[in-house]
Asks: 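Just dropping this structure here.
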2 protein chains.
Amino acid sequence: MALEHAILVSLLEKPGSGYELARRFERSIGYFWTATHQQIYRVLKRMVSDGWIDVREVAQQGRPDKKEYSVAAPGREVLSRWLHEPVEPESIRHDLAVKIRGAAFDDPAALIREVERHHRVHADRLAHYLAGEQRDFTGPGAAGTLDAGQELQHVVLRGGIAYERMTLAWLDDVLATLRRIAAGRSTPHQ
Amino acid sequence: MALEHAILVSLLEKPGSGYELARRFERSIGYFWTATHQQIYRVLKRMVSDGWIDVREVAQQGRPDKKEYSVAAPGREVLSRWLHEPVEPESIRHDLAVKIRGAAFDDPAALIREVERHHRVHADRLAHYLAGEQRDFTGPGAAGTLDAGQELQHVVLRGGIAYERMTLAWLDDVLATLRRIAAGRSTPHQ
DNA sequence: CTTGCCTATGAAACGAGTTGCATAGAGGAT
DNA sequence: ATCCTCTATGCAACTCGTTTCATAGGCAAG
């Protein structure tokens, strides 16, 4: 579906190898789109044979050679066409929410540690985003010197930050609810 | 994966047919887990043959007969085991975020209408959630009389509400950014 | 009385995503 | 020397999810 488009955007931002793309998908891009290296290698191959991207063998020293991919004219056109099509508003797949509702038929208290674990993961992600924002989008002159691409990267990052903050607040709410239930009184919140 | 578990939870909350499950997945459950009727029918079949759930033919008048599914003992055990395992913290697939970063290489202004459309969709979802909260979790009976299951359903719903509010605020941020760029304060990449 | 919509179920084909395995060069640690 | 880790690429098998099509009864509108 749209993995191709995510790769095109990433390669336009900076050409790179499949391995490098896989690492980007673990970092900045991976915050709103995940992909394994298997998927990436397979799709890259197809995109080359479709003429969307070009390959270039790059010899390296101290490490294996790599294939550097960059966007070709047809790929740019494909991306442009996609950008002008509507996409479905996202829908989430939230295992933890299923578990929370399922806990009603098991032991709600047993979920507390799991929710705390998720809380830590999201706190780490938030810290990571904030460090990235600090590094890339603050400092003297940042406000006036950003080009459109940087502005757009920043607004996506702000989305990630907002998402993590919202999630942390909700997980606090979940924990309070679970503890209230575990304490034996399913009494009202607030 | 976890579609089985989501179905088990839904059937524990209330037994029902594949068709009814599909409609629930468009409504309350579908806010954090999506599934088409095809997926549901296929998985139900497998779950029956694995002994996780029972079927019962129910004749209806004024409409076709249906098969009502309910959770059997082994299904309850499967769910219980899953509830005690850790799950991966969720990761999102956000096409719109890809588009926003991609817009740097095309026409950012052309995205405005698309973002406005997403804004309307999320505003509708929020209104829907708030109506559901009003209906199910407020009023004279609500305070103090909620059992654990209802409390847990409510905290999941509060998560949906928080998510939609956060998303709406972010989309406002995105719109402001796109308009600033379109007004010429930044120039697109070559 | 035909067209369209809602309930209700399902097959078949395809495309997307995951998991496990395999290879290979270079570096550092024991 | 051997093991582990990191870079770098890829195949094969499998599961999951989507799309398309098909069937069938009942209801309401025109």
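Labels below follow one simple rule: chain letters A, B, ... track the order of the sequence lines, proteins then strands, and each chain is numbered from 1.
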Asks: Does OP1 or OP2 of dA24(C) have a side-chain N or O of R63(A) closer than 4.0 Å?
Replies: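 No, because none of the side-chain N or O atoms of R63(A) sits under 4.0 Å from OP1 or OP2 of dA24(C).
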Asks: So if I take every side-chain heavy atom of Y41(A) and compare against dT18(C), dA8(C), dA8(D), which nucleotide ends up nearest?
Replies: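 The answer is dA8(D), which lies nearest to the side chain.
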Asks: Want to settle it: does Y69(B) or R93(B) sit nearer the 5' end of DNA chain C, counting the closest nucleotide to each?
Replies: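 The 5'-side residue here is Y69(B).
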Asks: Can you name the ring-ring contact (aromatic ring centres under 6.0 Å, His included) partners of H84(B), sequence neighbours left out?
Replies: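 With neighbours one apart ignored, the set is empty.
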Asks: Can you list every pair that meets salt bridge (Lys or Arg N to Asp or Glu O under 4.0 Å) and has a residue in residues 20-32 of chain A, with sequence neighbours left out?
Replies: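 Non-adjacent pairs meeting salt bridge (Lys or Arg N to Asp or Glu O under 4.0 Å): E20(A)-K66(A).
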Asks: Quick one: closest heavy-atom pair of R101(B) and I29(A), and the distance?
Replies: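 Answer, listing the atom of R101(B) first, then I29(A): NH2-CG1, 4.2 Å.
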Asks: Between atom CG in L44(A) and atom C1' in dC11(D), what is the gap in whole Å?
Replies: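 One finds 16 Å between C1' of dC11(D) and CG of L44(A), rounded.
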Asks: Which residues pass the ring-ring contact (aromatic ring centres under 6.0 Å, His included) test with H37(B), not counting sequence neighbours?
Replies: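 Partners of H37(B) under the ring-ring contact (aromatic ring centres under 6.0 Å, His included) test: Y41(B).
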Asks: Are OP1 or OP2 of dA16(C) and a side-chain N or O of Q39(A) less than 4.0 angstrom apart?
Replies: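 For dA16(C), OP1/OP2 do not have a side-chain N/O of Q39(A) under 4.0 Å.
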Asks: What is the distance, rounded to the nearest whole Å, between atom CD of Q61(A) and atom P of dA24(C)?
Replies: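 Interatomic distance, CD of Q61(A) to P of dA24(C): 23 Å.
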Asks: dC6(D) P sits how many Å from E26(A) CD, rounded?
Replies: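 These atoms are roughly 11 Å apart.
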Asks: Show each protein N/O and nucleotides 20-23 of chain D N/O combination with a separation under 3.5 Å, one pair to a line.
Replies:
unit_1: dT20(D); atom_1: O4; unit_2: Q38(B); atom_2: NE2; d: 3.2

Asks: Parallel under 30°, tilted from 30 to 60°, perpendicular over 60°: which one fits the rings of F137(B) and H154(B)?
Replies: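 F137(B) and H154(B): parallel rings.
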Asks: Give the other cluster members for M166(B), using side-chain heavy-atom distances under 4.5 Å between Ile, Leu, Val, Met, Phe, Trp and Tyr residues; answer none if it is isolated.
Replies: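 Cluster partners of M166(B): I92(A), Y163(A), M166(A), I92(B), Y163(B).
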Asks: Just grab all the salt bridge (Lys or Arg N to Asp or Glu O under 4.0 Å) pairs involving residues 152-172 of chain A, residues at least two apart or on different chains.
Replies: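 Every salt bridge (Lys or Arg N to Asp or Glu O under 4.0 Å) pair that includes a residue of residues 152-172 of chain A, provided the two are not neighbours, is R158(A)-D173(B).
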Asks: Rounded to the Å, how far apart are E57(B) CD and dT9(C) P?
Replies: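 Computing the E57(B):CD to dT9(C):P distance gives 9 Å.
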Asks: Side chain of R42(B), heavy atoms from C-beta onward: which of dT7(D), dG17(D), dA8(D) has the nearest atom to it?
Replies: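 Of the candidates, dG17(D) comes closest.
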Asks: Starting at atom CG of D50(A), determine the distance to atom P of dG15(C), rounded to an integer number of angstrom.
Replies: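 Result: 13 Å.
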Asks: Which residues, if any, of residues 7-21 of chain B bring a heavy atom under 4.0 Å of DNA chain C?
Replies: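 Residues of residues 7-21 of chain B under 4.0 Å from DNA chain C: S17(B), G18(B), Y19(B).
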Asks: Measure from the side-chain heavy atoms of Q60(B) and tell me the nearest of dT18(C), dA8(D), dA8(C).
Replies: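 Nearest nucleotide to the side chain: dA8(C).
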Asks: Grab the CH2-P distance between W33(B) and dC16(D) for me, whole Å please.
Replies: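 Rounded to whole Å, this separation is 11 Å.
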Asks: Give the nucleotide from the list dA8(C), dG10(C), dG10(D) with an atom nearest to the side chain of K45(B).
Replies: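 Out of dA8(C), dG10(C), dG10(D), the nucleotide with an atom closest to K45(B)'s side chain is dG10(C).
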Asks: How long is the line joining NZ of K67(B) and C1' of dA24(D), in whole Å?
Replies: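 My rounded result for the distance is 14 Å.
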Asks: Does D107(A) have any side-chain contact (heavy atoms from CB on, under 4.5 Å) partners at least two apart in sequence or in another chain, and if so, which?
Replies: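 For D107(A), the residues satisfying side-chain contact (heavy atoms from CB on, under 4.5 Å) (neighbours in sequence not counted) are A109(A), A110(A).
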Asks: What's the CD1-P distance between I40(B) and dC16(D), to the nearest Å?
Replies: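 Rounded to whole Å, this separation is 15 Å.
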Asks: Which label fits H5(B) and W82(B): parallel for a plane angle under 30°, tilted from 30 to 60°, or perpendicular past 60°?
Replies: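 Rings of H5(B) and W82(B): parallel, under 30°.
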Asks: Listed by chain and number, what are the side-chain contact (heavy atoms from CB on, under 4.5 Å) partners of R42(B), not counting sequence neighbours?
Replies: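 Not a single residue meets the side-chain contact (heavy atoms from CB on, under 4.5 Å) criterion with R42(B).
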Asks: Side chain of L3(A) only, please: which of dA8(C), dT7(D), dG17(C) is the nearest?
Replies: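 Closest of the options to the side chain of L3(A): dG17(C).
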